[in-house]
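Taking it in order: structure first as structure tokens, then the write-up.
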Amino acid sequence: MTNWEEDQAMEMASNVPLSQRAMGVRATPYMDGLNASQRAAVEVMDGPVLMLAGAGTGKTKALTTRIVHLMNMNRARPNEILAVTFTNKAAREMKLRVGSMLGEMVEGMPWLGTFHSLCVKILRRHAELVGLKSNFTILDTDDQLRLLKQLLRAENIDEKRWPPRLLLGLIDTWKNRAWTPDRIPAGEDSFNGRGSEFYAQYQNRLKTLNAADFGDLLLHVVNIFQTNEDVLDKYQRWFKYILVDEYQDTNVAQYMWLRLLAAKHHNICCVGDDDQSIYGWRGAEVGNILRFERDFEGAKVIRLEQNYRSTPHILAAASGVIAGNKDRLGKTLWTARKDGEKVRLIGHWDGEEEARWIGEEIESYQRGTRGLDPICLESMAILVRASHQMRAFEDRFLTIGLPYRVIGGPRFYERLEIRDAMAYFRVVVSPDDSLAFERIINTPKRGIGDKAQQTINAIARKNGISLLDGARIIVAEGGLSTKARNSLSTLILGIDRWASMLNGLNVFRDDADILEEFGDAAPIINHVEIAQIILEESGYTDHWQNDKTPEAPGRLENLKELVKALEGFENIQGFLEHISLIMENDTDDATQKVSIMTLHGAKGLEFPNVFLPGWEDGLFPSQRSMDESGQNGLEEERRLAYVGITRAEAICTVSFAANRRVYGQWQSSMPSRFIDELPHENVDVLTPPGLYGGGTFASTESDLPARAAKADAYNSPGWKRMQARTSQRGLHQPNNPKGIIIDAKVMQNYSITDRVIHGKFGIGTVIGIEGDKLSIVFDAGGAKKVVASFVTRADYVPF
DNA sequence: CGGCATTTATTTTTT
DNA sequence: ATAAATGCCG
């Protein structure tokens, strides 16, 4: 036992009853609520452990209990445990849960955080080893892109043919794989074969700017560990136990980081679920979790398979879908729950009807019809594949006045006005931050256009100084037009003034009344007030006040919030430091709302009642995913389906639409192949609205002719083809398949009353045929004669 | 330089 | 459809 261990043991001992101390037993009340596997995952403390935790099996509980157990058994002090998550939210949650389990005994764990925040912490201490100063700036995507644009422009690259975005994506991918510019494998270089060359240039620029991007945070630390044995050794010794959440989402760089740190003690516990790996497109390697047993010798694999979240039907449906994937570690989720509703499946004519129907369903669940207890809006969620699908729901919910909340979307700190404001703060705090200066130099417009900016840039580059200093020289030498020079001068003076305020140089309120009242004793301004002053004096607040666009008031509101957020920090520097890593946006208000989010955004969440719309081939699984990544892409989409279904606790409704407007064009599609993979014994196929003249259907006049024309669904060609298709392929025959009547194949001939889609006019009904021309009455209004090749058959026949 | 017209792309998202 | 980005003209 080392000294501190003895200390710890003594400390602990005083809190433990004598009888237990005598028996050498420590109280472990926190284990009481755990099942056998969870308990095993907590108790196996030595050596590598892989906790394979299926959806809803209580992995966070096991993980947090493990941390508590390690401390309670004196295996490590709080600051000797390295616990890594992917999101700040997850980190916060874990901190909270560990904290509440321990009571106030132990103060927070300093090494519980995201990969990135932990790396920043380490990197600040050893920055010089990779040529940075410890106060390096962390660049966001916007800065990165601006940097690359500059770089490409200097090389006279045609940005049309070689978009900077593409290069950024490439560099990002390479960093995820821990490839430094000199180690890009031959044949992997792209971007006209010059990608690695620009990558190297980009890294050089970052070094001069004393900046690091997100990928660098990890890569630099890995680099430091690999080349400085003493540093690595120190951390290896320090972190007695390592815990990793969402291990299936780790990329190569993160994997290397973990391996290096765990190499001494091998006490690494990774928690994850290969079936929930949905971030392959941003560098996550499912292989990491699949290889775990080989990577970490003597690893114990513990499966958490009892699901506490969903009903048997939902679980079976999810398992049925995911079974289609190869290369799984394999788990059999089970639940002690009984009964429950089957997964509900329904098809719709188009996306709008789908949104309308879901809106009505939500309202009726909320009222508590169908003999069910009312379900609150907060308990319901709509999970979509791509964010553009959200609009249909927002539109619909807005018109019927159903409160909703969009989760995800542009985050607070990514908004234009926030980034602008932050750029001001950055310039004031670190005048050398040329990227920030570039952002604000003409925001708001102050007459310093492209030409003036180029001049400043040239001067700065020539003298090897920052943009701000370059601007100073220009002003001093009387360059530029009078107008531009004057406003540039004003800006520089402003920046200097704000900086001196921040530095506490005895600057008082710029307010005549207060000066008069207090004289020399006027109070020194705090950083929140300075921030306010910066935004006002720079004209940035006015800029939005004068803006008449509808979003201007919201932006002003956001700026207010930003300033308010500053109150929680000691100074602006500290604020900036946190903000670059933490992108939280918890504007939770008390009103009950339905949640709308992407499937990705829903990972880790659960809802009693879940809607999964848009299950159409091409949308979900996404065509692009399949085109770009083939079978792997499809499997990842399938995992996404699995994640979606397993979010549901009690009710899960899958739906699809036969027709949808995609990029302004009508498109008709087949139901998702994942629908065929749902075990039919766990699925209830619902009757589409209007089939039996259903009363709740809010029809408009323009719908009526179409509905009349489609009264006989059972004899329609679409229905017959559907029958043929499903029985041919021997797939699950829905027990009440009235809703699924779809086929993408275009019939050779049209007949009167056929429903068709025209790219420009939308959906209509054929009322006459003359040679190759069709007379069509369009739902949107108007009758037209069009050549048959310009329309597509709308194969879905709902009525 | 700034405002308006035209062009162009358009998954998923954290840090 | 739509937003963002570029291009053109006053």
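We name chains A, B, ... by the order of the sequence lines, and we start the count at 1 in each one.
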So if I take every side-chain heavy atom of [X] and compare against [options], which nucleotide ends up nearest?
{"X": "A:Arg282", "options": "B:dT14, B:dT11, C:dA3", "answer": "B:dT14"}
{"X": "A:His116", "options": "B:dG2, B:dT15, B:dT13", "answer": "B:dT15"}
{"X": "A:Arg391", "options": "B:dT12, C:dA3, B:dT15", "answer": "C:dA3"}
{"X": "A:Thr87", "options": "B:dT15, B:dT12, B:dG2", "answer": "B:dT15"}
{"X": "A:Trp281", "options": "B:dT15, B:dT12, C:dT2", "answer": "B:dT12"}
{"X": "A:Asn442", "options": "B:dG2, B:dT13, C:dA3", "answer": "B:dG2"}
{"X": "A:Arg624", "options": "B:dT11, B:dT14, B:dT13", "answer": "B:dT11"}

**Asked** Within the stacking criterion (centroid distance below 5.5 Å, interplanar angle below 30°), does A:Phe86 stack on B:dT14?
**Response** no
Open item on the list: With the criterion set at under 5.5 Å between ring centres and under 30 degrees between planes, would B:dT10 be stacked on A:Tyr663?
Closed with: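 Base of B:dT10: stacked against A:Tyr663.
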Within this structure, what is the [atom1]-to-[atom2] distance between [X] and [N], rounded to whole angstrom?
{"X": "A:Asp395", "N": "C:dA1", "atom1": "CG", "atom2": "P", "result": "13 Å"}
{"X": "A:Arg661", "N": "C:dT2", "atom1": "CZ", "atom2": "C1'", "result": "12 Å"}
{"X": "A:Tyr279", "N": "B:dT11", "atom1": "OH", "atom2": "P", "result": "16 Å"}
{"X": "A:Ile278", "N": "B:dT12", "atom1": "CD1", "atom2": "P", "result": "13 Å"}
{"X": "A:Arg639", "N": "B:dT11", "atom1": "CZ", "atom2": "P", "result": "21 Å"}
{"X": "A:Arg165", "N": "C:dA4", "atom1": "CZ", "atom2": "C1'", "result": "11 Å"}
{"X": "A:Met626", "N": "B:dT11", "atom1": "CE", "atom2": "C1'", "result": "12 Å"}
{"X": "A:Asp627", "N": "B:dT12", "atom1": "CG", "atom2": "C1'", "result": "15 Å"}

### Any donor-acceptor N/O pair, A:Asp617 side chain to A:Arg673 backbone, under 3.5 Å
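Yes, A:Asp617 side chain to A:Arg673 backbone: donor-acceptor pair under 3.5 Å.
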Quiz item: Using a cut-off of 4.0 Å on non-hydrogen atoms, how would the nucleic acid contact of A:Glu637 be classed: base, sugar-phosphate, or nothing?
Solution: nothing
Regarding A:Ile448, tell me which of base, sugar-phosphate or nothing describes its non-hydrogen contacts under 4.0 Å with the strands shown. sugar-phosphate
Intra- and inter-strand pairing of DNA chain B, written as dot-bracket with Watson-Crick and G-U pairs under 3.5 Å and | for the latter, reads ||||||||||.....
Salt-bridge criterion met for A:Arg391 and A:Glu394 (N-O under 4.0 Å):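 No, A:Arg391 and A:Glu394 are not salt-bridged.
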SB check A:Glu354 A:Arg396 (cutoff 4.0 Å):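 Looking at A:Glu354 and A:Arg396, the cut-off is not met.
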side-chain contact (heavy atoms from CB on, under 4.5 Å) for A:His600 and A:Leu640? Distances and angles first, verdict last. CA-CA 7 Å; A:His600 286 91; A:Leu640 214 39; 3.6 Å; yes
Which donor-acceptor pairs under 3.5 Å do the side chains of residues 437-448 of chain A make with protein atoms, sequence neighbours left out?
from	atom 1	to	atom 2	distance (Å)
A:Glu438	OE1	A:Gln150	NE2	2.7
A:Glu438	OE2	A:Gln150	NE2	3.4
A:Arg439	NE	A:Asp420	OD1	2.7
A:Arg439	NH1	A:Asp142	OD2	2.6
A:Arg439	NH2	A:Asp420	OD1	3.1
A:Asn442	OD1	A:Arg446	N	2.8
A:Asn442	OD1	A:Gly447	N	3.3
A:Asn442	OD1	A:Ile448	N	3.2
A:Asn442	ND2	A:Ile448	O	3.0
A:Thr443	OG1	A:Arg439	O	3.0
A:Arg446	NH1	A:Ile440	O	2.6
A:Arg446	NH1	A:Ile441	O	3.0
A:Arg446	NH2	A:Tyr424	OH	2.9
A:Arg446	NH2	A:Ser538	O	3.2

Checking A:Tyr255, A:Trp257, A:Phe214, A:Tyr247 against A:Phe115 for ring-ring contact (aromatic ring centres under 6.0 Å, His included), the one that qualifies is A:Trp257
Got more than 12 heavy atoms from elsewhere within 6.0 Å of CG, A:Asp327? no
Quick check: on DNA chain B, is the nucleotide nearest A:Ala386 upstream (toward 5') of the one nearest A:Gly215, or the reverse? Name the residue that is more 5'.
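Nearer the 5' end of the strand: A:Ala386.
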Side chain to side chain contact (heavy atoms under 4.5 Å, CB included) filter on A:Arg124, not counting sequence neighbours, yields A:Val120, A:Phe136, A:Ile138, A:Glu577
A:Thr598 vs B:dT11: side-chain N/O to OP1/OP2 distance below 4.0 Å: no
Do any side-chain nitrogens or oxygens of A:Asn88 fall under 4.0 Å of OP1 or OP2 in B:dT15?
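Indeed, a polar side-chain atom of A:Asn88 lies that close.
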